[in-house]
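Remember, it's a predicted structure, so these values are computed and weren't measured experimentally.
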Amino acid sequence: MIRTALLVLLCAPLPTLAATAGHDTAQPNDRDFVLAATQAGQQEVHDAAWAAKSSRMEPVRQIAQMLLEDHKASNAKLSTLAHDKGMSLPVTAASANPTPSFSDGEYVASQIQAHEDAIALFSSEADRGADQDFRAFAQQMLPVLRSHLVALRALQTP
């Protein structure tokens, strides 16, 4: 359920980001990265907060709390960087959990997929982004995303 919502966000047509004060300096591909990373980051914060409250497993709650803190910090850095480039970011509504129950296994599986998708997105920007600041941000976040993925995979049962 969570995974589907993230994939919908990442695969949806990307609207153009509005410029503030008419001085948006980002290239179209960088704008697309910023929008996709913003949407995914906001969804990540929503899902992690939900898991931190709903999980019955302490390791899942701990990882959810780590994801919550790390993605809030990442979202703030990206927002500041985008604002400095003259971009205004939309506040996207995180998708709600479609079921009233919480499944630790489903959460972990969805987060593994979400982090694999995020690593692909950030790797692409780090390798091919036109804006040096966005490239540097993506490069800075890749080790964090990869460490999240390792921690999430460690929670999977064989």
Side-chain angles (χ1 to χ4, degrees), residues 1-54 63-99 106-153 155:
M1 309 317 142
I2 297 168
R3 176 180 166 199
T4 303
L6 180 60
L7 290 175
V8 168
L9 284 173
L10 291 176
C11 295
L14 298 175
T16 304
L17 293 174
T20 58
H23 63 282
D24 181 347
T25 61
Q27 297 296 315
N29 288 345
D30 292 322
R31 275 191 225 102
D32 291 346
F33 162 74
V34 170
L35 182 57
T38 297
Q39 290 174 331
Q42 290 173 358
Q43 185 67 47
E44 188 68 36
V45 167
H46 173 270
D47 293 347
W50 176 59
K53 288 187 273 186
S54 302
I63 286 182
Q65 188 61 43
M66 175 185 68
L67 297 178
L68 179 64
E69 293 168 9
D70 289 351
H71 285 281
K72 275 185 176 182
S74 172
N75 292 352
K77 285 180 189 176
L78 183 57
S79 178
T80 298
L81 183 57
H83 183 266
D84 291 348
K85 301 288 181 179
M87 299 166 65
S88 63
L89 300 177
V91 176
T92 59
S95 67
N97 179 21
T99 61
E106 182 180 306
Y107 173 72
V108 171
S110 70
Q111 287 307 300
I112 288 171
Q113 183 62 55
H115 280 78
E116 289 172 347
D117 294 344
I119 289 168
L121 174 69
F122 278 69
S123 292
S124 178
E125 180 67 17
D127 293 342
R128 295 184 286 283
D131 185 286
Q132 291 295 1
D133 293 327
F134 291 134
R135 285 181 74 169
F137 170 77
Q139 290 166 348
Q140 177 187 23
M141 293 313 303
L142 277 169
V144 175
L145 293 168
R146 288 182 179 125
S147 72
H148 290 174
L149 185 57
V150 168
L152 288 159
R153 284 184 174 152
L155 289 178

Chi angles and distances behind the side chain to side chain contact (heavy atoms under 4.5 Å, CB included) call for Asn29, Arg128:
CA-CA 9 Å; Asn29 288 345; Arg128 295 184 286 283; over 6 Å; no

What verdict does the side chain to side chain contact (heavy atoms under 4.5 Å, CB included) test give for Leu35 and Arg31, after you've listed the backbone C-alpha separation in whole Å, the side-chain angles of each residue and the deciding distance to 0.1 Å?
CA-CA 6 Å; Leu35 182 57; Arg31 275 191 225 102; over 6 Å; no

Working note: Thr80 + Asp84, criterion side chain to side chain contact (heavy atoms under 4.5 Å, CB included); need CA distance, chi angles, decisive distance, verdict.
CA-CA 6 Å; Thr80 298; Asp84 291 348; 3.9 Å; yes

Derivation of the side chain to side chain contact (heavy atoms under 4.5 Å, CB included) call for Asp131 and Phe33:
CA-CA 11 Å; Asp131 185 286; Phe33 162 74; over 6 Å; no

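Going from atom CD of Glu125 over to atom CG of Asp127 covers 9.5 Å, rounded to the nearest 0.5 Å. Interatomic distance, Leu78 CG to Gln42 CD, rounded to the nearest 0.5 Å: 9.5 Å. Residue Leu89 holds its CG atom at 4.5 Å from OG1 of Thr38, rounded to the nearest 0.5 Å. Here the CE atom belonging to Met141 is positioned 12.5 Å from the OG atom belonging to Ser123, to the nearest 0.5 angstrom.
Residues forming a side-chain hydrogen bond (donor to acceptor under 3.5 Å, both in side chains) with Asn75 (at least two apart in sequence, or on another chain): none. When the salt bridge (Lys or Arg N to Asp or Glu O under 4.0 Å) test is applied to Glu116, the partners found at least two apart in sequence or on another chain are Arg153.
Counting heavy atoms from C-beta on, the side chains of Gln139 and Phe122 never come closer than 4.5 Å. Looking at His148 and Gln111, their side chains never come closer than 4.5 Å, going by heavy atoms from C-beta outward.
Within the 3.5 Å criterion, the main-chain N or O of Leu121 finds no donor-acceptor partner in the side chain of Ser124. Looking at Ser74, its side chain never comes within 3.5 Å of a backbone N or O of Asp70 through a donor-acceptor pair. Counting only distance, with no hydrogens or angles, the side chain of Arg135 and the backbone of Ala130 share no donor-acceptor pair below 3.5 Å. Proximity of a side-chain donor or acceptor of His83 to a complementary backbone N or O of Ser79 within less than 3.5 Å is not detected. Judged by distance alone, with hydrogens and angles left aside, the side-chain atoms of Ser110 form a donor-acceptor pair with the main-chain N or O of Tyr107 at under 3.5 Å.
Using cut-offs of 30° and 60° on the angle between ring planes, the pair His115 and His71 is perpendicular.
Of all heavy-atom pairs between Ala64 and Ala48, the closest is O-CB, 3.3 Å.
Exactly one residue among Leu67, Leu68, Ile63 makes a side-chain contact (heavy atoms from CB on, under 4.5 Å) with Gln65. That residue is Leu68.
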